[in-house]
Amino acid sequence: MIGKRGWIGWLVLVATIPLLLLLAIVGWQAATQRKATAELSQLKEKLVAANIPIDNSTMQRRFEERTHPEGAKAWEEVTMLCDVLVRSAPKDLPILGEGSLPRKGASGIEWKEAAKVNDFIKEFTPLRKRIAQASSYPKPVWSSGIRFDGYATLLPMLQESRNIVSLLQLDTFDALYQKDNRRALEDLRGMRATIDAFDWDFCAVALMINVAKSETLYMTIHRSMEFDLWNEKELQELGEMLGQARNSETTWKELVLGEQAMIQEAVKDPGRQLQSGLESQSGPWVHRIFPLKASDQLALLKLTQTYLSAVPRASAAHLENAKIMEESWRVAASTGPTNLRLLQPLFMTSYSSLASAFNREEEQRRLLRCALAAKQFQLKKGRWPVSVSDLAEIGLTKEDWTSLAETPFAITPDMDGVTLSSPSQSNPAVRSLFLGYVIDSITLR
Amino acid sequence: MNPSIAWNRLCWKEFRQTLPLLGMLAVVGFLLQVLAQIASPGTREWNQSFFFLGVPGLFAAGVGALLVSQEKDARTLQWLASLPVSRNQIVRAKYTIGLIGLVSVWMISFAYFASMRIFFSQGSPWELEGFESEGGIAYWILHSLFVFTLSFATAWYFRSTLVGLIALVGITALVSLASPIISNVVMNQPPVFNLQRSPEAAVSISTLVGFTLVTFLLGWRYGIRSFSAASIPKRVAARSIASPTHRKGSIADRKRVQPLFSALVWQFSRQNQIAMMAIVVALVLATTLWRSGVELLLMVGAILGHCAICGLGVLTFQGDMIQNRIRFLADRGVSPHSVWLSRIFMPLSLLAAVILGYLALDWTIGNGDPRMLPQSFYVVTGALLLFATTQWFSQQVRSPVLAATLSPLIGLLSLFYCSFVHSELSFPFYSLVVVAVVPLLMSYLMTQRWMDGRFGWRYWAPQGLAVFLMVVVPLLPYFYLLATVPVMPRADREYLASIAPIGRRLVTHRISLMQSTQQTSGILMEGASNSPGGPGMSGEVEVVFVDPEPAASPVPGEESMQGHAEDGVGMEGMLASPVPVQVLALIKKYGATRWEDLPFSDQRKVQLEWIEWQINCIPLKIEGTIEPCPDVINHLKSEIIFSRLKLEDEPEWKEGIDRIGRSFRAMLEIAKRLRLHPTFRAQTEADLLDIWLLEQMEQSVTRKLLDEPLADEIIQHLNNSQARNKGRLQAIANQWTSSFLEEPMSTKSSNDLPVSIRFRKVSYQYWLMKEYLMAPNASARAVARERLAKEFRIHEFEFAKSVRTGSSFPGALWFGEWEERAKNLRGTTP
């Protein structure tokens, strides 16, 4: 048998020590969280003072400050009108439906849908004036009707802006078919203006849509050269319309800033954001049971801040840097607290796809720029350039005729014209820089 | 003795023995079925069928042990054998009374189930949700019969009651799994471990009949043999020869005096050795089956795990109740603290080990996915709660058989209650620890009385208090919320209820554009073209019943529809003949037979005429309103803008002026009708339309293009703030009352609140809207608006995004500066 003291000694060992340990852990956690809360609010205040968005309201304010209200209103009206036209358009039209684009045949340009397109486009004609008017406002614009709501923000206007580009593209082909250079050029200007007006760089989806619109413009300019209607001056304007290379640093920085605001918003109410972002319904449950602690929130904010300095500065580094950033976030999130892992799929998604799209966009821009310059060269000199360095006479620099793979484009004679080709045509390693279809050669006659 | 008297007395004795089990199962079964109904009112859930089927099964499992094992423990079986009744008669009496008891439990359980179904209008009691195996109820009746014969067989065979019960659970689980395997062999099919697609009825039933017969025969044989003189089992005899004084490896082998706690733990372990080993095996098996991902195995795993944890709870104190062993410790003055700790130590350690193993398995299978966490968390909490409740229960019941049979139900009841208060009443999950701590604390506090066998009012009163605490404490947060959540004042509630269109039927019309992608109706194409494709049908009429109870008297809408029909454009016509004829006429008017053949410019003209026809024909002839129609509104806007732009180039284009006027007229009619639609969405659409009309009227270019009477009418409409606010108030009243008819889809954390609290909160927010709308002055309105913008958290949030007001609440456009601008329009000339 054992005495009372022995029994109490056992109780102390089994119950009191763990209890004290538990109390110490709770106390230490409380102190840590208290300190982290203070630091987090200080950091947030500092960021807000520096106009860095950290939630819905600061993000909304940031966009509204940068938007011309009248311009936004004008574009909203244009978007609505184009949407009405596209919705009611006959389904056998090219671009808007299943019809085909004009193609070069034995007897010149052939287009069986020409009459139908012309009939439809007559109704669109008055709208071109409105687009030109809206283009005069500062860009980009942010619709006042959209409420910023983290990852759940609806962006219908962004999707609808593709209708403007589609209608202008159709009008361009109609104008080219009617040999109306002036109207075609005006339409292309409208396309450029639309791309710039909706250049919303706060999230990867918006940027992807923007790249798609740019590629539509490039494709239209490319196809327009088949009509052989452009004069030297117009070609010059088309070249300028292609614009400069995307400012990588600014674009990526704005993207990370936008996503930082969204992830911070998601942390505030993870259940709701996760419901729209993840297929699994158990995510919100985890957050209800184990909410993200102040120290974790602070660590997350500091982490996203570090990505601002890691953004790629050169076009060629898009893909590599994006992959590094994605991997870095994946590792940080998966080694962080459990509930941070749930947020992993929300942040920095599709960065490498986006980087690849940027590369594709830039490669096509450069190739097209060279093609326009080559045609200008031919009109000016009466002969085709022998090598890409001849394009210096048109005002191009070495960067313009060099592929993202640091190899110059090649010019080869092709019957009565020339073919301009990118190294990606023959080199799979270069092609891996761009996912998806890319124009890798342009034949000029 | 007269054989019939002996038989009657024997049966009476057996009947008295089954009564406690019968009574307690009737009470607990009723409670569980009622809770299942409360947890999911108005629905038919699997758990309702589960309790209906489960309770007879539990009786079947317990009755053998109750009638046989209990007599073995009390050593009354040999006494029975000494009476002038045959062994066959004794065994027969036990089987007969047990069977009558089983039939009674089935009848009681079915009576509960059927009355719940009838009371809650849930249809036929013969439909078993989640248990629609091909044998139906018959299969489960047969299954209970099998468990019944098995429980007798195990009770006759095993010396220990608890071991017998554990063996029963294991064999039943094995037989459940045997059906698919036998099906495989018999029918040459792969085994289907699925509840909905269990093996063919014939195979299932044949298997069960076979097992029932075998267990019955075995049970009978063991029963008869039990009355023979008992011989010492060989292993016991061998052990006695090897070590005559004590068992080898006993704690008594050690030379020094052992600490009390160690001795007590050793004693507990030795006396429950077999039972604990069986429970550990069952828990490991349950964990494996639970993670198998196969429906039937998962179900078997869950039941097995549940029974095993309950068994662990029962073992905590019931091991000492057998043959009143606890008296040995009580008589020697062993401290109740030591007894309690030593009894709880081993079961809790085993449970902790199994839980850790389960978590490790979960983590490995889930590949560390944190989304697996909630499930693991709930399983672990449930297991601890189950153990805490059943160990407490086992201390209060003096019969091990009753404790073992009823503990699964008691455990289920506690789990069910906790899950109910957590999910339905939003009791914080962490606070459920109270429910687990109370039974542990009670069993600790009552150990002394339990040891002494003092079960007077001083024992039962604290137990009653504990039950009260367990039931009431989880309800406190709910009642606190109920008392503190802001509510709509009664006067306002009555006012809104009085103006809500409840009790009236509201006729709404949907106007739409013709869509070339829609399929054309046969009537339209008759005589026009046989090819598919063409303009779509439009002008459908929707009748919205605001009140779920249709009005008894003829409603204005119906009368109007009849009048409409007499005009040749009746209700039927709108859905079939006249509308397509109208469309056809419009297409023909422009020289085509198919929509696709029309030039695009003419298609737009037809669209305008079609909209006008819908507006002029339907809403003006039938009292009613229209559904929000952004597509139509945008089309009319485009008509106006395109025509105006074209007129800038061709000022003499008379058709353009005409189209602008007609479009404005159509928009004005839509704006007026939208105001009558008592929903926030329609009101917001109407606000946006009014703002657009206002902006147009402010442009002198547009004003000049309009007829003076039409312009005046539009200005008058824009200035009619009384009609506007009436529409808004109707919308508040209607949406508020509707929110009680259909559960609001909350988007914020209010979703976690109990329904009654949510309704109060929702009502409060509608009240804020009403206060905002009816504020006496601008400053009061500004305050109300600020509160509204901050606090409005109900489903209209989503629509607000879709109609692009840029705000989170439906009243964002109310009393905007545009309403002031509209007032200034009056008297201005272009």
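Worth knowing before you read on, the calculation uses all heavy atoms, side chains too, and leaves out hydrogens, waters and symmetry mates.
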*Asks:* Name the option with the most non-hydrogen atom pairs under 4.5 Å to chain B; the candidates are A:Leu127, A:Asp83, A:Thr125.
*Replies:* A:Leu127
*Asks:* Inspect the contact between A:Arg182 and A:Glu186 and indicate whether a charged nitrogen and a carboxylate oxygen are less than 4.0 angstrom apart.
*Replies:*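 Counted as a salt bridge, because a side-chain N and a carboxylate O are separated by less than 4.0 Å.
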*Asks:* With sequence neighbours excluded, what pairs up with B:Asp687 under the salt bridge (charged side-chain N to carboxylate O under 4.0 Å, His left out) test?
*Replies:*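 Counting only residues at least two positions away or on another chain, B:Asp687 forms a salt bridge (charged side-chain N to carboxylate O under 4.0 Å, His left out) with B:Arg675, B:Arg728.
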*Asks:* Identify which part of B:Glu650 has an atom lying under 4.5 Å from any heavy atom of chain A, answering side chain, backbone, both or neither.
*Replies:* neither
*Asks:* I'd like to verify something: which residue of B:Lys646, B:Arg644, B:Arg604 has the highest number of heavy-atom pairs under 4.5 Å with chain A?
*Replies:*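 Winner by heavy-atom pair count: B:Arg604.
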*Asks:* Strictly below 4.0 Å, N to O, side chains only: are B:Lys605 and B:Asp602 in salt-bridge contact?
*Replies:* yes
*Asks:* Could you look at A:Lys122 and say if it's the side chain, the backbone, both or neither that has a heavy atom under 4.5 Å from chain B?
*Replies:* neither
*Asks:* Applying salt bridge (charged side-chain N to carboxylate O under 4.0 Å, His left out), name anything that partners B:Glu817, two or more places apart in sequence or on another chain.
*Replies:* B:Arg821
